[in-house]
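Structure, as structure tokens:
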Amino acid sequence: MAIAKRCIKGISRQKSARSPSPQFLRRAGQRPSHNLFYDAIICTLRELSEMLSPAQILRTIVHNAGKALAADRCSFVLVDQAQNCAMVVVAYENSKAKGRVLNLDTYPEINRAVATGKTVVIADMRNDPLLSEVRKSHPELASGSLLVLPIQAQPKTGGTFFLRIRRLPRAFTADEIDFCKKIAFISSDALLKAHRLLRLKKDIARGAAARRLMEESVIKYRTLIDGAPWSIFIYQDEAIQFANRKFKEMAGIKARGPIDLAQVLPAESVKLFAGESAGLLAGSKASFGTQVRGRNKASKDLYWNLEAGVIEYQGRPAVECMVKDITYLKELEGRLEQKNLALATAVKQLHELNDRLIHAKNDLQKNNTELQGLYERLQKAHTEKTKFLRLLSHELKNPLGVLRDYFGLLLDGLFGSLNSEQAEVIEESSQRAHQILEMINSLLDYSKIEAGKMRYHFEAHDIVALTQAALAGFRLQGRTRGVRIEQRTEGAVPLVVLDTERMTMALKNLIDNALKHTPDGGAIEVIIRPFTARCPTSAGLLSQPYVEISIQDTGCGVPEEFSEEVFAEFFQIAQSHGPGKGAGLGLHIVREIVQHHHGDIWVDRAYRSGAKFTFVLPIASNEAIGPIDVSPTG
């Protein structure tokens, strides 16, 4: 049916004007002669020789046959046996019938022609037995004469064209039937030639389109390759026949035409590439990839990575090669190898160092074990020493106290008057006993600090009054030696947080230390004022206001190199001017007490007239007025 529709569409596009009437047409009422049919065939052949379209051929044949036979109806129908139907392709003297689909059940003459493949002639439709069923259902159609001839329009059409002629009841003559057969033969031959010509035109058109497409593809391919961001060249006939712009820039080539491989590759690389390409063109492999050394115009050594495959270039096999410059990667590989060698050397050294560290670790573990044992023995000895000091101090303190009291009674004359020599000896003995008692008290305080048993009872207190009370016990001794002892207050001094017993001990130790190192006739001055300077020690003082207490004397002073060591236990530097040396624990105890008050103490290095010790204590806030009990380790 698709072929019939195309034929109908082609016929519809033709001009509506009728073809000129041929000379063979008979007048009305005349029977055609043999010469008339011969003229009709000649005229039809002449017209068909100028036609190339199957639609025109069908229309010409139908019109010429219908006129020559004086037919009422003359048409070409295309039969589709699978669908049991037929379609009117061209109709003579009945334009409305064109395109009509016929049910073959009502056209038994067409069914017989399809079944036999021969011409079917019905002289009178009114009494022909083939049309008996048609006359019953369609009495208006059962009149006239019919002629059906099969025509092979083209191979593999899916159906067969039939020329169906109907006219008034009159038997078809032998000349008419022979004429129709010749027309059918002419139609079949003309249609086959027309279809062959159409296929030839289509093939030619497709070939031209393919050539144009190929030319466009070649242009696009060359444009794409030439503008590609990769370096590409085509190798054929032992030379580079085409290279894109990127490759020419990389290789430093400006000339056109074939390029010799020796211009871009060293000899060993040329041999390698030529051998691989020969194997590729011979079909032994589909592609290959390799790394070669290249060169540019400056003869600088380059390193290229080549990826090649077979293509068709100018109608013959060729090798298309994509080139990637890996010079930078090779340089990186060289540097990486050097780094790896250096790293391997470093790893070896690390292994050696690790071995030494393992040996050192073993030695340290051995030494640590020894030190641990030594520490345990020292800890035990320290505990025994502390117990011994406490026991010794207690055992000596009471007899010395009694002895000092006896010396006082003797000096007071309770047991009689003493001469000057006796009084001097007893006075000296009393001072020595007093010194030993002070040393014993220092040892007791030191043992408490070492054992962590010295407790503090903090509360807000007047540091000025506390200092005056501490100085009162030294004024008589100072007057005896002619040492002037003074106290001075600068500015308004607020209350400070302190333990009165421990701070009194610290003040007495500082004053006693100054009195021991001050010569007869010297001076000791205690200055109390708000602290406004910057703490010179490394101790991190709290961000709150402090009060500064300074004790300065006119003695020998503290050498700068001993400004920190003077606070160490059992440390002594210079000969005292008092009755004798102490135990070397006074300043150490003072620093422990001050630091437990959240303050600090130091030697003023800028003071050159003797020694000057300065310590600071935090000012009491409203929240810290009440008493607080803390242990030294708390």
Side-chain angles (χ1 to χ4, degrees), residues 441-442 445 449 454-478 483-515 518 523-537 539-553 566-567 586-604 606-607 610-632 634:
N441 289 331
S442 297
D445 293 336
I449 293 174
M454 182 174 285
R455 300 187 62 82
Y456 294 82
H457 180 75
F458 293 107
E459 60 182 348
H461 201 279
D462 185 359
I463 188 62
V464 176
L466 188 68
T467 305
Q468 289 176 349
L471 286 174
F474 294 93
R475 293 190 183 277
L476 178 60
Q477 185 178 353
V483 177
R484 180 170 49 88
I485 300 176
E486 295 181 354
Q487 177 180 345
R488 178 160 50 93
T489 302
E490 297 179 358
V493 178
L495 300 179
V496 295
V497 179
L498 52 80
D499 181 307
T500 55
E501 181 181 356
R502 306 304 175 196
M503 188 52 58
T504 300
M505 181 191 305
L507 288 171
K508 287 183 176 181
N509 282 344
L510 287 172
I511 298 169
D512 183 64
N513 181 73
L515 191 59
T518 300
I524 297 174
E525 185 175 20
V526 179
I527 304 171
I528 304 174
R529 57 190 172 189
F531 180 64
T532 57
R534 184 173 178 271
C535 182
T537 66
L541 298 178
L542 299 175
S543 57
Q544 65 183 50
Y546 291 82
V547 170
E548 171 189 330
I549 301 97
S550 298
I551 296 93
Q552 59 188 33
D553 58 51
V566 293
F567 296 105
L587 293 178
H588 175 72
I589 294 173
V590 169
R591 185 171 66 175
E592 291 291 329
I593 293 174
V594 170
Q595 289 180 351
H596 276 92
H597 280 72
H598 300 292
D600 204 8
I601 184 170
W602 61 88
V603 177
D604 191 344
Y607 186 73
K612 181 179 180 180
F613 291 87
T614 302
F615 67 95
V616 292
L617 298 175
I619 293 175
S621 60
N622 293 332
E623 293 81 3
I625 295 299
I628 303 173
D629 286 329
V630 295
S631 65

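Everything quoted here is computed from the prediction, not taken from an experiment. Computed from heavy atoms alone, side chains included, the values below leave out hydrogens, waters and symmetry copies.
Checked by atom type and distance alone, the side chain of Glu501 never pairs as donor or acceptor with a backbone atom of His457 at under 3.5 Å.
A pairwise comparison of heavy atoms in Trp602 and Phe531 identifies CH2-CE1, 4.0 Å as the closest pair. What you find for Ile463 and Val496 is that their closest heavy atoms are CB-CG2, 3.8 Å. Of all heavy-atom pairs between Arg455 and Asp499, the closest is O-OD2, 4.0 Å. Closest of all the heavy-atom pairs between Val566 and Phe613 is CG2-CE2, 4.3 Å. In plain terms, the two heavy atoms of Thr614 and Ser550 that are nearest each other are OG1-OG, 3.1 Å. Of all heavy-atom pairs spanning Val590 and Ala506, the tightest one is CG2-O, 3.6 Å.
For the atom pair CD of Gln552 and CD1 of Ile524, the computed distance is 10.5 Å after rounding to the nearest 0.5 Å. Interatomic distance, CD of Gln477 versus CD1 of Ile511, reported as 11.0 Å (0.5 Å rounding). A distance of 6.5 Å separates CG in Asp553 from OH in Tyr607, rounded to the nearest 0.5 Å. Taken from CD in Glu548 to OG1 in Thr532, the straight-line distance is 7.5 Å, to the nearest 0.5 Å. Note that CD1 of Ile551 and CG of Asp512 are 12.0 Å apart. Values are rounded to the nearest 0.5 Å. Considering CE of Met503 and OG1 of Thr467, their distance stands at 9.0 Å, rounded to 0.5 Å.
Shown are Pro494, Pro530, Pro618; of these, the side-chain contact (heavy atoms from CB on, under 4.5 Å) with Val547 is made only by Pro494. The only member of Leu510, Ile593, Ile549 that meets side-chain contact (heavy atoms from CB on, under 4.5 Å) when paired with Ile601 is Leu510.
Salt bridge status for Glu486 with Arg488: absent, with no side-chain N to carboxylate O gap under 4.0 Å.
Within the 4.5 Å cutoff, no side-chain heavy atoms of Arg591 are placed close to those of Leu587.
For Lys612, the NZ atom is densely surrounded, since the number of other residues' heavy atoms within 6.0 Å is greater than 12.
Using the six-membered ring where Trp is involved, His596 and Tyr456 have ring planes that are parallel, under 30° apart on the 30 and 60° scheme.
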